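Structure first, then comments.
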Amino acid sequence: MKRTAIALVMTLLTALPVSAESLVEISDAWARATILTSRPGVAYLTITSAAADRLLEITTPVADHVMIHDVVKVDDVRRMRHVMALDVPANRPVTLAPGAMHLMLAGLHEKLREGQKFPMTLRFENAGEISIDVAILGIAAAGPQGETE
Amino acid sequence: MTSHNFNRLRFVRSILWGMVVLAALLFGGAYIFQASDHKQMSSGAEGTGEAAIHSDFSLTDHQGNRVTEASFPGRWQLVFFGFTHCPDVCPTTLAYMADALDRMGPEADRVAPLFITIDPVRDTPDVMAEYVGAFHPALIGLTGSEKDVAAAAEAFRVYSEKLDDDTAPDGYLMAHSGHIYLMAPDGRYQTVFREGDQSAEDMAIRVLAIMNGNTI
């Protein structure tokens, strides 16, 4: 009887909806140090979600606007495409990386200096708002795992 | 008809057929050649040994000096077209080019690394000075009038365009190819490199091999 009760509680616990926020995980968030404040910055990260979701908006106190830019290559010409909302499929990481999809930080309020970090908030359709810290790496950085210099 | 005459006719017939085949080859070949030539001309920055690409420009460097392709006598040129508002491809490519230069050691002095802006209105010599210095001490930033920059891009067959985008700073973005051109001291096109296609070490090795005439 007691065992049945425990089993029942366990079943109920696993069946309970987990808080939506924990389904989305942001990793490897980094930005490239900038040279001129008047020029846009760039940030990259990886989004992993246990359930399908959509990234709707990104904000940061260091810039006026954060835009998702995809790089579309046609006949060897690369064009930037402004993505209004980014679909994140279930259990399939979406990686933003140099030369590919990236976050453009327009209207920087200050230079992004190597070694510092800044906060960024990502708003998802289902998971809601997630705040992260973005590490600023060197101008020649290729990613948080290893710099080219 | 004697067998001798028959043989002669067969001989003439094979000559004629031979001429038909030869004519077909010549016309076909000419057509294919023309087609591929046309394709090369229209493919813009595609770098497959086009004779048309050559170093030819008259611009202002980041120190305010008027420079042309002849301002670097005896030196090879690594040329990249980009713009400072480009947050992703340009810094990535310039950092890659700087890395390759460092890996060439003292031989890097034989190369003039040039960064030519395709956005001269916003990329003034002052902006270029601050920008190029952050990547490599040897990197030379070049800008000029829109006409002069367009002429330089034309010589290198570089494709660029302004894309209107209300959400972008100043309302436009630039599209471009991310090639780094290697040009011989006489201005002739040698090859192109692109970040992501090979490591900076491999690019350095290849540039050195070409400069030393050891191409495989």
Side-chain angles (χ1 to χ4, degrees), chain A residues 30-44 57-58 63-85 96-109 111-114 136-143 146-149, chain B residues 39 42-48 82-100 102-103 119 122-123 126-136 158-161 163 165-170 172-179 192 194-197 199-201:
Chain A
W30 67 283
R32 191 183 296 283
T34 58
I35 302 159
L36 301 143
T37 312
S38 59
R39 296 296 181 264
V42 70
Y44 310 95
E57 193 190 19
I58 307 147
D64 290 338
H65 307 284
V66 181
M67 283 175 276
I68 307 166
H69 273 182
D70 199 4
V71 179
V72 185
K73 200 177 144 213
V74 181
D75 291 338
D76 242 28
V77 174
R78 298 190 230 190
R79 288 186 181 82
M80 304 302 140
R81 190 171 66 91
H82 186 188
V83 179
M84 302 310 279
L96 283 68
M101 199 183 288
H102 53 272
L103 300 177
M104 174 158 140
L105 315 178
L108 280 181
H109 302 155
K111 263 190 203 186
L112 300 182
R113 289 175 205 282
E114 184 177 354
I136 303 171
L137 306 183
I139 190 81
E147 302 205 12
T148 54
E149 277 192 339
Chain B
K39 191 167 159 264
S42 62
S43 64
E46 184 63 58
T48 43
F83 54 106
T84 66
H85 266 89
C86 154
D88 178 58
V89 175
C90 301
T92 305
T93 304
L94 288 170
Y96 170 73
M97 193 160 129
D99 192 6
D102 285 342
R103 287 165 195 270
D119 186 13
R122 296 187 293 189
D123 292 342
D126 286 349
V127 166
M128 294 297 268
E130 201 172 342
Y131 196 77
V132 295
F135 289 96
H136 199 277
V158 162
Y159 172 85
S160 73
E161 67 183 20
L163 300 173
D165 184 341
D166 294 340
T167 61
D170 299 347
Y172 64 90
L173 297 167
M174 316 284 291
H176 61 118
S177 64
H179 292 107
V192 284
R194 191 152 51 179
E195 192 277 325
D197 286 353
S199 68
E201 178 71 25

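Lettering of chains follows the sequences in order, A, B, ..., and the numbering in each one begins at 1. Note that the structure is predicted; figures quoted are calculated from it, not measured.
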Q: Could you tell me which portion of A:V71 (side chain, backbone, both or neither) has an atom closer than 4.5 angstrom to a non-hydrogen atom of chain B?
A: side chain
Q. By a 4.5 Å heavy-atom criterion (distance strictly below it), what part of A:A31 contacts chain B: side chain, backbone, both, or neither?
A. neither
Q) Can you name the ring-ring contact (aromatic ring centres under 6.0 Å, His included) partners of B:Y131, sequence neighbours left out? A) B:F115, B:F135
Run the side-chain donor-acceptor check on residues 34-42 of chain A: report pairs under 3.5 Å with partners two or more places apart or on a different chain.
from, atom 1, to, atom 2, distance (Å)
A:T34, OG1, A:L112, N, 2.9
A:R39, NE, B:T84, OG1, 2.4
A:R39, NE, B:H85, ND1, 3.4
A:R39, NH2, B:R122, O, 2.9
A:R39, NH2, B:D123, OD1, 3.4

Q: Kindly compute the distance separating CG (B:D88) from CE (A:M104), expressed to the nearest 0.5 Å.
A: 10.5 Å
(Q) Just so I understand: if I count every heavy-atom pair under 4.5 Å between each of B:S199, B:P87, B:A200 and chain A, which residue has the most? (A) B:P87
Q) Picking from A:P98, A:A100, A:A33, which has the most non-hydrogen pairs under 4.5 angstrom with chain B? A) A:P98
